[in-house]
Amino acid sequence: MEKYKLGLVSLGCDKNRVDSEIMLGMLKNTYEITEEPKEADIIIVNTCGFIESSKQESIDTILEMAEYKKDHNCKLLMATGCLTQRYGEELLKLMPELDIILGVNNYGFLDQYVEKFIKTRERIMAVDYLDSGINEGERILTTGFGQTAYLRISEGCSNHCTYCIIPKIRGTYRSRPMEKILEEAKTLAKGGVQEVIVVAQDTTRYGTDLYGKKALPELLRKLKEIEGIKWIRVLYLYPEEFTEELIEELKTNEKVVKYLDLPIQHISDGVLKRMARRTKKEDLLSLLRTLRHEIPDLVLRTSLIVGFPGETDEEFKELYDFVDEIEFDKLGVFTYSKEEGTAAALMKGQIRKDVKERRRNLIMARQQEVSRRILERKVGKTYEVLVEGMGEDGYYGRSFEMAPEVDGMIIIETQKDLMVGSFVDVKIIEALEYDLVGVLI
């Protein structure tokens, strides 16, 4: 009997991508995996439900995939992820196109749910809320050609920022045992992965629940010992949880790339307090100064929220001036999204959409100037580049200064054939708006 074809569309964050790869790993022996949803008998949309724009993208994608039930061979349409965890009952009523609706804690019986629907054609919904357990298992990587992989070290969050719904979707913070993380990293390395990207909702908090201490430095030291791993990239380092030990490990661990992602969200003490962030402006400035002093050639990335309830013109200007002063290498700006179930949604002083968008555009325009200056300073320098593929302009790849999908890339000018997944030396000859052009040495 011919196998059903299975297609999966993954939306949202890196943690969601890991869930998607685990789902593919669970089903790969029973179904044939295809990258083309229009060819699939079974389509899974792993949704995001974090902010308004991501919720809309998830709904639009489900509706787009539903068209294949009419025009093609799709026999089963499933939605999983944060949107379904948050709005499972509503989706069951409003979207009859969906055959199976699963929350983030219900992937353990995924194969059985699929088999049951194929036999009975009865709709299924399971969206249990849990504060325990973490999705684990064999993965089919969806990052490039398999040279890069995300490594999830925890699930959930206990920070309870007033704008964020994640604790009510993913549960409280819970770390994965270190031996399981290291075992997975070794498996990834044996499969050809050379760059592991450490992710969690808050990576700096890792281990506090399991070991009674912040264990990220120890984890990084042990990851360094794994043969085959060349780059270790750490994302989502909350600034409130930094220690001297962590800074020293980030500084001295030769496999940890000197690229740090610190989601600070704002710089005004008033806004930070309303956000329930456990830090202040002076603490942030002190940490940034220390990091840049201790780690030469450090690349800093951050994310900001503009238009938070009550954000005054003066508080926004404070943020704008901060961006101008600090000169982050990479920066993302989000307009505040009023999310039901969060404390911030009930706050007075909600700001109009046009004001939020104007503030975002002002900061992004300023950051564009900063980025251009930073990129132009790289012309003439030589970087070790991980070759990721070939496009219309030739081979392309990334240096340690670039995280996949969110940052730019380096276009490599060469007449030679390059192997995807290899590392080559490239001299930068031109800076574009977001990307760099270099010649192979």
Side-chain angles (χ1 to χ4, degrees), residues 6-31 33 35 37 40 42-51 54-55 57-58 61-62 65 76-88 91 98 100-114 124-144 146 148-157 165-176 180-181 184-185 187-188 193 196-203 235-236 404-405:
L6 170 73
L8 188 148
V9 181
S10 189
L11 305 173
C13 67
D14 314 324
K15 285 82 71 180
N16 217 38
R17 181 194 287 266
V18 173
D19 280 341
S20 295
E21 293 174 347
I22 292 171
M23 284 189 271
L24 289 175
M26 290 178 64
L27 299 173
K28 69 180 179 66
N29 293 327
T30 308
Y31 307 100
I33 307 298
E35 295 182 3
I42 300 167
I43 300 176
I44 301 174
V45 180
N46 195 14
T47 64
C48 179
F50 183 47
I51 57 177
S54 60
K55 290 187 287 187
E57 180 187 20
S58 294
T61 303
I62 292 171
M65 294 301 109
L76 189 165
L77 178 59
M78 181 191 314
T80 61
C82 290
L83 184 76
T84 53
Q85 180 69 41
R86 202 173 166 190
Y87 300 107
L91 292 172
L98 287 173
I100 300 178
I101 297 172
L102 299 184
V104 297
N105 300 303
N106 297 94
Y107 303 147
F109 300 101
L110 178 64
D111 52 346
Q112 296 176 36
Y113 290 132
V114 172
I124 297 169
M125 186 187 74
V127 289
D128 300 317
Y129 175 84
L130 292 176
D131 265 338
S132 61
I134 300 174
N135 296 323
E136 296 176 319
E138 183 182 356
R139 294 161 57 187
I140 292 183
L141 299 184
T142 59
T143 41
T148 296
Y150 293 97
L151 185 64
R152 179 168 54 194
I153 64 173
S154 72
E155 177 62 286
C157 187
I165 197 66
I166 291 298
K168 292 186 177 180
I169 296 176
R170 294 272 179 177
T172 54
Y173 193 90
R174 48 202 188 271
S175 304
R176 292 179 69 193
K180 285 193 173 185
I181 298 172
E184 181 176 23
T187 300
L188 292 170
V193 170
V196 293
I197 305 178
V198 176
V199 294
Q201 201 64 36
D202 177 356
T203 52
L235 303 184
Y236 315 121
E405 299 181 345

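The shortest heavy-atom contact between Gly12 and Cys48 is CA-CB, 3.7 Å. Here the closest non-hydrogen pair linking Ile101 and Gly88 is CD1-O, 4.1 Å. Nearest heavy atoms, Gly103 versus Val127: N-CG1, 3.5 Å. Closest approach of Asn106 and Ala126 over heavy atoms only: OD1-O, 3.0 Å. Between Ile169 and Gly49, the closest heavy-atom pair is CD1-O, 4.2 Å.
One N or O on the side chain of Asn46 and one on the backbone of Asn16 form a donor-acceptor pair closer than 3.5 Å. At distances below 3.5 Å, at least one donor-acceptor pair connects side-chain atoms of Ser58 with backbone N or O atoms of Ser54. Judged purely by atom type and a 3.5 angstrom limit, Tyr173 uses its side chain to pair as donor or acceptor with the backbone of Asp202. Proximity of a side-chain donor or acceptor of Thr203 to a complementary backbone N or O of Tyr236 within less than 3.5 Å is detected. Listed for the Ser20 side chain is no donor-acceptor partner under 3.5 Å among the backbone atoms of Ser10. Looking only at distances, a side-chain donor or acceptor of Gln85 sits under 3.5 Å from a matching main-chain atom of Asp128. The main-chain N or O of Arg176 is never found under 3.5 Å from a side-chain atom of Ser154 such that the two would form a donor-acceptor pair. Looking only at distances, no side-chain donor or acceptor of Glu155 sits under 3.5 Å from a matching main-chain atom of Arg174. Between the Tyr150 side chain and the Thr143 main chain, no donor and acceptor come within less than 3.5 Å of each other.
Using a 4.5 Å heavy-atom cutoff, the side chains of Leu91 and Thr84 are in contact. Looking at Val193 and Leu141, their side chains come closer than 4.5 Å, going by heavy atoms from C-beta outward. In this structure the side chain of Val198 never reaches within 4.5 angstrom of the side chain of Leu235, judged on heavy atoms. Counting heavy atoms from C-beta outward, Leu98 and Met78 have side chains that stay 4.5 Å or more apart. In this structure, the side chains of Ile165 and Arg86 come closer than 4.5 Å at one or more pairs of heavy atoms. Considering only heavy atoms from C-beta on, Asp111 stays 4.5 Å or farther from Thr30 through its side chain.
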(message) With side-chain contact (heavy atoms from CB on, under 4.5 Å) as the criterion, how do Lys15 and Asp19 come out once you've worked through the C-alpha distance, each side chain's angles and the decisive distance to 0.1 Å?
(response) CA-CA 7 Å; Lys15 285 82 71 180; Asp19 280 341; over 6 Å; no

(message) Test side-chain contact (heavy atoms from CB on, under 4.5 Å) on Tyr113 and Leu102; report intermediate values, then the result.
(response) CA-CA 9 Å; Tyr113 290 132; Leu102 299 184; 3.6 Å; yes

(request) Run the numbers on Leu11 and Val45 for side-chain contact (heavy atoms from CB on, under 4.5 Å), then give the verdict. (result) CA-CA 8 Å; Leu11 305 173; Val45 180; 4.2 Å; yes

(request) Please assess Thr80 against Thr47 for the test side-chain contact (heavy atoms from CB on, under 4.5 Å), listing each intermediate value before the final yes or no. (result) CA-CA 6 Å; Thr80 61; Thr47 64; 5.9 Å; no

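Looking at residues two or more places apart in sequence or on another chain, you find a side chain to side chain donor-acceptor pair (under 3.5 Å) between Ser175 and Asp209. Taking the salt bridge (Lys or Arg N to Asp or Glu O under 4.0 Å) definition, one finds that Arg17 meets it with Glu405, sequence neighbours left out. Contacts of Glu21 classified as salt bridge (Lys or Arg N to Asp or Glu O under 4.0 Å), with partners at least two apart in sequence or in another chain: Arg139.
Salt bridge annotation for Arg170-Asp131: absent, with no cationic side-chain nitrogen under 4.0 angstrom from a carboxylate oxygen. Under a 4.0 Å N-O distance rule, the pair Arg152/Glu136 does not qualify as a salt bridge.
Atoms CD1 and CD1, on Ile42 and Ile33 in that order, are 9.0 Å from each other to the nearest 0.5 Å. Here the straight-line distance linking atom CG of Leu8 with atom CD1 of Ile44 works out to 5.0 Å at 0.5 Å rounding. Atoms CD and CG, on Glu138 and Leu24 in that order, are 10.5 Å from each other to the nearest 0.5 Å. Note that the CD1 atom of Ile100 and the CG atom of Leu76 stand 4.5 Å from one another [nearest 0.5 Å]. The structure places CG of Asn135 at 10.0 Å from CG of Leu110, a figure rounded to the nearest 0.5 Å. Expressed to the nearest 0.5 Å, how far CG of Leu83 lies from OG1 of Thr61 amounts to 10.5 Å.
Annotation: Tyr129, atom OH; neighbour count of heavy atoms from other residues, nucleotides and ligands within 6.0 Å is above 12.
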